[in-house]
Amino acid sequence: MDPRLLASHYMVKLSRTPITQILARAIHAHILTSGFRPSTFILNRLIDVYCKSSNICYARQLFDEIPKPDIAARTTLVAAYSSMGNIRLAKEVFYATPLRIRDTVSYNSMITAYSRNRDGHSAVRLYKEMRVEGFVPDPFTFASVLSALSLIADQERHCQQLHCEVIKWGVACVVSVCNALMSAYVNCASSPLVLSSSVMAASRTLFDEMEERDELSWTTIVAGYVRNGDLCAGRKLLDGMTEKIVVVWNAMISGYVHHGIYDEAFELFRKMQSMGIKLDEYAYTSIISATSNAGLFRLGRQVHAYILRTELQPSEHFILSVNNALITFYTKHGKLVEAKEIFNKMPIRDLISWNSILSACVNARHIEEANSIFKEMPERSPLAWTVMISGLAQNGFGEEGLKLFNQMKLEGLEPCDYAYAGAITSCAVLGSLDNGQQLHSQLLRLGHDSSLSASNALITMYARCGLVEAAYDVFLTMPYVDSVSWNAMIAALAQHGRGVEAIQLYEQMLKEEILPDRITFLTILSACSHAGLVKEGRHYFDTMCTSYGITPGEDHYARLIDLLCRAGMLLEAKSVTESMPFEPGAPIWEALLAGCRIHGNIDLGIQVAEQLFELMPQHDGTYIILSNMYATLGQWDEVARVRKLMKERGVKKEPGCSWIEVENMVHVFLVDDAVHPEVLSVYRYLEQLVIEMRKLGYVPDTKFVLHDMESEHKEYALSTHSEKLAVVYGIMKLSPGAPIRVFKNLRICGDCHNAFKFISRVVKREIVVRDRKRFHHFKNGECSCGNYW
DNA sequence: GTAGGGTTAG
């Protein structure tokens, strides 16, 4: 075929019909085999097709194969590389183009490339360069360079300078240039050094003085107001509009949702509906998110049903984003099954779908499931890692959380402050102070130390590692705090038996007008409980309802009952259970049973245990407490009966286990340990200690041995308790005078509690023990709990 | 041949 004919044939084909990649390949092949040199027009179209189908390699091949591609082809390629995020190749082509044949369009493309690559400085530099070289900027140049300004510091000054240039080059009346300028001014407001009202005013003046406006002009100004928190100004403009521009409505609705003004969001949504403005995925996702945040389950489900009924041919993008929002909606309302159903039925999923279903599983504490989703994900974004790390930590998987955090770093991903918070929480779970401190110093180095989530995690970490003062330091030096910080600090004091201080801090919180939430009351109730402050606890329980409108949940009642039980008011506690507006569940009975144990009320204990056996027959704690109660009374037949019951039902007792950190290594001891390599020397050291302790009056309290055996053996059994072994190991290994910090998975044993008082005197060191419930600080023969535990 | 707005994940 005659090459010229072929060319015109291509021209027609290329300009009229959408070209598939296959067709492009065919033309490309023909060009190569026939030696036909296509016009720039054809070349550009082909490059464009390849790029739109993500085939940048072919595009470059085409470019390289054709001798001396002209400026238009080069520019197309720069733009293509830019839109695919490959700045390296874009630069290569641009700078290989001789200066004398570059034109304004090639500069525009390169400036955009830098801007897309989030390199605002290079974009601005190139703009200045082109001006020095004498190229004339056009409206596209300004649109490109102005959009790059949001990426650099001192944007306001640059904005004003470019504003002058715009006027100088006579393009101030071009709508697209004005839009870009307005948008640049609006973006300045995100800098803390800029007064948002002044840049918004500059933007508004531009808007008001525009002779003609397009949809984007309206959107830029309204979205600008919304983003900078001036919802009223945005709404005023919206109400005065004659045109119905969907994007503006959507921006307004999302603004209301972000500011928690849900009523207005719903009202606007309904208005859109009644005015016949097409509701698209943006409107729906915002409104679904409103129902998620506002806890409006029924309304959310109605929206869901409405979408299914009315959207008969939804686009792919519509299905994707709406379903993503729905996953979160069902997750936030505790409906994992529904969330999973939506996810499973989705024809296509993106990063957000995967991240949403991952957090759905994490929130529902289905860690196994979350783990397999995490492994299955096609792309693990830093967010997914973060969700997984904090999910593991918050569900007590400290070791796994920390491991994942380290793995994230090994894979070259930079953990954000939330990921650090997860890792720090992992340390809190493990009681790993060394790791926690290292993470703290990393935070300081990275400048993440002002992060709210990381600092809140630090408070908890230091507290759970036994360093209340360090927790306090973090709390006091935080640039701003939220109710989580207050709750964490109050809890820190409460766990360490400093109930009065916890209450004082709570009162301080009220003075600073921070509203307490349900967590605050849980914390303050346990503070009162640990410190034996019955009157105060009752008072706070009442004010929770009367002054703050928080309906006490089962967990609040459980703490109130715990408070009364510890103080020996078992009958009153019992009567509270009867006055509750719901049937008592396991937490209530457990609190009562613990009270019965402390005060040796076996009759009530048996009744309560029966309830618990029914509710959770596989729970070891009930059997243990009951058998221990019989054992203290010497009723060994009954002990045997309970043990037999356990065996029959296949219930296993969680073995006691304690651990201590020495030089960044965690050493674990079990009851009657024979596993730890140095356990023999630990036993020998303990024997010597006991001799010294007896001189000071220590008598092993064998009532804490819960099996029937000779008293000599009982003393031996006591000496094998895991917490004793860990404490002794600490005395042997830690530098002289350093406090001993030991962690135990169960509650501390009574004889160990007594023994540690004596040990603290013999070795003249502070011993800190964290058990399942709280901390004990032993110093000079006394414990911080005042024996009230 | 080049630029530009609104959403959903912690």
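Computed from a predicted model, the values in this text were never measured in an experiment. All chains are named by letter (A, B, ...) in the order of the sequence lines, taking the proteins before the strands, and each is independently numbered beginning at 1. The basis for the numbers below is simple: all heavy atoms, side chains too, and nothing from hydrogens, waters or symmetry mates.
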>> Of the listed nucleotides (B:dA3, B:dT7, B:dG10), which one gets closest to any side-chain atom of A:Val387?
In response: B:dG10
> Can we call the ring centroids of A:Phe329 and A:His304 under 6.0 Å apart?
Replying inline: no
> Would you call the rings of A:Trp354 and A:Phe343 parallel, tilted or perpendicular, where under 30° means parallel and over 60° means perpendicular?
Replying inline: perpendicular
> Relative to the ring of A:Tyr107, is the ring of A:Phe135 parallel (under 30°), tilted (30 to 60°) or perpendicular (over 60°)?
Replying inline: tilted
> Which residues in residues 320-332 of chain A have at least one heavy atom lying under 4.0 Å from any atom of DNA chain B?
Replying inline: A:Ser321, A:Asn324, A:Thr328
>> Whole angstroms only, please: what is the CG-P distance between A:Asn250 and B:dT8?
In response: 11 Å
> In terms of side-chain heavy atoms, does A:Ser485 have a donor or acceptor partner in A:Asn456 at a distance below 3.5 Å?
Replying inline: yes
>> So, OP1 or OP2 of B:dT8: does either fall under 4.0 Å of a side-chain N or O from A:His258?
In response: yes
> Quick one: which of B:dG5, B:dA3, B:dG10 gets closest to the side chain of A:Ser144?
Replying inline: B:dA3
> Of the residues in residues 354-362 of chain A, which ones touch DNA chain B at a heavy-atom distance under 4.0 Å?
Replying inline: A:Asn355, A:Ser356, A:Ser359
> Base, sugar-phosphate, or nothing: which does A:Asp103 touch, judged by heavy atoms less than 4.0 Å apart?
Replying inline: base
> Ignoring hydrogens and angles, does a donor from either the side chain of A:Thr219 or the base of B:dG5 sit under 3.5 Å from an acceptor on the other?
Replying inline: yes
>> Using ring centroids (six-membered ring only for Trp), state whether A:Trp385 and A:Phe374 fall under 6.0 Å.
In response: yes
> Across the strands shown, which category fits A:Ala79 at heavy-atom distances under 4.0 angstrom: base, sugar-phosphate, nothing?
Replying inline: sugar-phosphate
> Can you check whether A:Phe140 stacks with the B:dT2 base, using ring centres under 5.5 Å and planes within 30°?
Replying inline: yes
> Using a cut-off of 4.0 Å on non-hydrogen atoms, how would the nucleic acid contact of A:Val105 be classed: base, sugar-phosphate, or nothing?
Replying inline: base
> Within the structure, does a side-chain N or O atom of A:Ser254 lie under 4.0 Å from either OP1 or OP2 of B:dT7?
Replying inline: yes
>> Rounded to whole Å, how long is the line connecting atom CG of A:Leu216 with atom C1' of B:dG6?
In response: 11 Å
> Is the closest side-chain donor-acceptor distance between A:Ser217 and A:Asn179 under 3.5 Å?
Replying inline: yes
>> What I want to check is whether an N or O donor and acceptor connect the side chain of A:Thr285 with the base of B:dT8 at under 3.5 Å.
In response: no
> To the nearest angstrom, how far is A:Leu181 atom CG from B:dG5 atom P?
Replying inline: 15 Å
> Which whole-number value in Å describes the distance from A:Met182 CE to B:dG6 P?
Replying inline: 13 Å
> In whole angstroms, how far is the P atom of B:dT7 from the CD1 atom of A:Ile288?
Replying inline: 14 Å
> Just checking, A:Lys91 and A:Tyr114: is the charged tip under 6.0 Å from the six-membered ring centre and within 45° of the axis?
Replying inline: no
> How many Å lie between NE2 on A:His317 and P on B:dT7, as a whole number?
Replying inline: 12 Å
> Is A:Arg102 positioned over the aromatic face of A:Phe94, cation under 6.0 angstrom from the ring centre and no more than 45 degrees off axis?
Replying inline: yes
>> Quick check: any donor-acceptor pair below 3.5 Å linking the side-chain of A:Tyr418 to the base of B:dG10?
In response: no
>> Under 3.5 Å, is there a donor on one side chain and an acceptor on the other for A:Ser356 and A:Asn324?
In response: no
>> I want to check something: taking the side chain as every heavy atom from C-beta on, are A:Cys416 and A:Thr386 in contact at a cut-off of under 4.5 Å?
In response: yes
> Does a side-chain N-to-carboxylate-O contact under 4.0 Å join A:Glu129 and A:Arg125?
Replying inline: no
> Any side-chain N or O of A:Arg116 under 4.0 Å from OP1/OP2 of B:dA3?
Replying inline: yes
> Between the base of B:dG5 and the side chain of A:Asp214, is there any donor-acceptor pair under 3.5 Å?
Replying inline: no
> To the nearest angstrom, how far is A:Tyr185 atom OH from B:dG5 atom P?
Replying inline: 19 Å
> Within this structure, what is the CE-to-C1' distance between A:Met408 and B:dG10, rounded to whole angstrom?
Replying inline: 12 Å
